[in-house]
Amino acid sequence: MKSIVILVSGRGSNMEAIVRADIPGARIAAVISNRPDAAGLSFAAARGIHTVALDHKAFADRAAFDAALAEAIDAFEPDLVVLAGFMRVLTDDFVRRYDGRLLNIHPSLLPSFPGLHTHRRALEAGVRLHGATVHFVTPTLDCGPIVLQAAVSVRPGDDEAALAARVLEQEHRIYPQAVRWFVDGRLRLDAAGRVMVDGGEFSAPAAVVPAIDEVMS
Ligand code: GAR
C-alpha cells in the first residue's frame with residue numbers, strides 16, 4: 001500500500017477526483033488544508049479520511065508554517081504528497097524534503113501561464129490551445145518536470161468560466177492518472193531530475209490532446 005497525503009486550500013475537486021478514483025494500492029492517509037474553512041476538508045471528513053487544518057495565518061512566517069506543515073504531513077509517513085489547489089508558495093526546504101514524491105497540478109499548459117488567473121491570461125493572449133499540467137514540484141513556482149498534460153481548444157465566445165470548466169474536466173482525468181502511475185511504481189524522477197515513466201523517458205503516453213473535431217466545431 002502506498003500512503004498519500006493531499007494538500008488543498010479550497011474547493012478540493014481535484015482531491016475529490018483522486019479519492020473517487022479509488023486507486024488500487026493507494027491509501028489516502030490525510031487531507032490537509034491551510035484554510036480551516038476549505039470545502040475540501042468536509043468532503044474528506046465525510047469519507048472517513050483524516051483531515052488536518054493548519055491555518056497559515058497563525059504562523060509568524062513562511063518558514064514556520066512550512067515546518068509545521070511538514071511535521072503534520074510526516075506524521076502520516078506518506079510515499080507521495082499531492083498538491084491539489086494548494087495555493088501557497090512553498091519554501092525550498094519544504095520542496096527539497098519531498099523531492100521526487102511531490103506532485104502539483106496547474107491549470108495551464110506549462111511553461112505558459114505560471115501563477116494566477118491562467119484562463120483569463122490565456123484568453124487575453126489569444127492562444128488556441130490551453131490546458132492543464134501535472135508536474136513534480138521544484139523550488140520555482142509552477143515549474144518542474146512535466147508528467148502529464150491535457151490540452152483543450154479555446155473556442156470562439158469562450159469566457160474565463162467556460163474555459164476553466166473545460167480545463168477542470170481534464171484536470172480530473174489526468175491527476176488521478178498520474179497518481180495511479182506513481183502508486184504502480186511506473187512514474188519516478190531519475191537522478192538527473194527527468195521524468196521516467198515505466199523506466200524510460202517518454203516511454204508512455206505523456207500527453208492527452210482533444211480530438212481535432214473539437215477544434216473544428
Ligand atoms: C485547480 O484548477 C488547480 O489546477 C489550481 O487550483 C484549482 C483548484 O481547484 N491550482 C493552481 O492554480 C496551482 N498553481 P480544486 O480545489 O477544485 O482542485
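Being a predicted model, the structure only gives us computed values, none of them experimental. As the structure lists them, so they are numbered: ligands from 1, and atoms in each ligand from 1.
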Within 6.0 Å of CZ in R35, more than 12 heavy atoms from elsewhere: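 For R35, atom CZ is not crowded (no more than 12 foreign heavy atoms under 6.0 Å).
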Is it true that V8 lies under 4.0 Å from ligand 1, counting heavy atoms only?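 No, V8 has no heavy atom closer than 4.0 Å to ligand 1.
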From the options G85, G10, S13, select the one whose nearest heavy atom is closest to atom 15 (P) of ligand 1.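 The nearest heavy atom belongs to S13.
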Could you work out, for atom 3 (C) of ligand 1, the closest of E16, R11, E171 by heavy-atom distance?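 Of the listed residues, E171 has the closest heavy atom.
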Test your reading of the structure: does G115 have an N or O sitting under 3.5 Å from an N or O of ligand 1?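 No, no N or O pair falls under 3.5 Å.
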Test F86 against every option in I32, I6, L69 by the side-chain contact (heavy atoms from CB on, under 4.5 Å) rule and name the one that passes.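 The passing option is L69.
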Among R101, R27, K2, find the residue that satisfies the side-chain contact (heavy atoms from CB on, under 4.5 Å) test when tested with D79.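 With D79 as partner, R101, R27, K2 yield a single side-chain contact (heavy atoms from CB on, under 4.5 Å), made by K2.
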D158/R166 salt bridge by N-O under 4.0 Å criterion: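 Yes, this pair counts.
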Salt-bridge criterion met for D93 and R96 (N-O under 4.0 Å):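 Looking at D93 and R96, the cut-off is met.
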Run the numbers for me: atoms of ligand 1, each under 4.0 Å from some heavy atom of D142, listed by number.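 Counting atoms of ligand 1 from 1, those under 4.0 Å from D142 are 14 (N).
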Among all protein heavy atoms, pick out the one at the shortest distance from [atom]; state its residue, atom name and that distance to 0.1 Å.
atom: atom 11 (C) of ligand 1; result: P107 CD, 3.6 Å
atom: atom 16 (O) of ligand 1; result: G12 N, 2.7 Å
atom: atom 10 (N) of ligand 1; result: I105 O, 3.6 Å

Just let me know how M87 lines up against ligand 1, side chain, backbone, both or neither, with a heavy-atom cut-off below 4.0 Å.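 Side chain only.
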For ligand 1, does L141 get within less than 4.0 Å through its side chain, its backbone, both, or neither, judged by non-hydrogen atoms?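 No part of L141 comes within reach of ligand 1.
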Does the separation of the ring centres of H106 and H135 fall below 6.0 angstrom?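 Between H106 and H135, the centre distance exceeds or equals 6.0 Å.
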Summary of side-chain hydrogen bond (donor to acceptor under 3.5 Å, both in side chains) pairs that have at least one residue in residues 48-64, sequence neighbours excluded: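 Those involving residues 48-64 are N34-H56.
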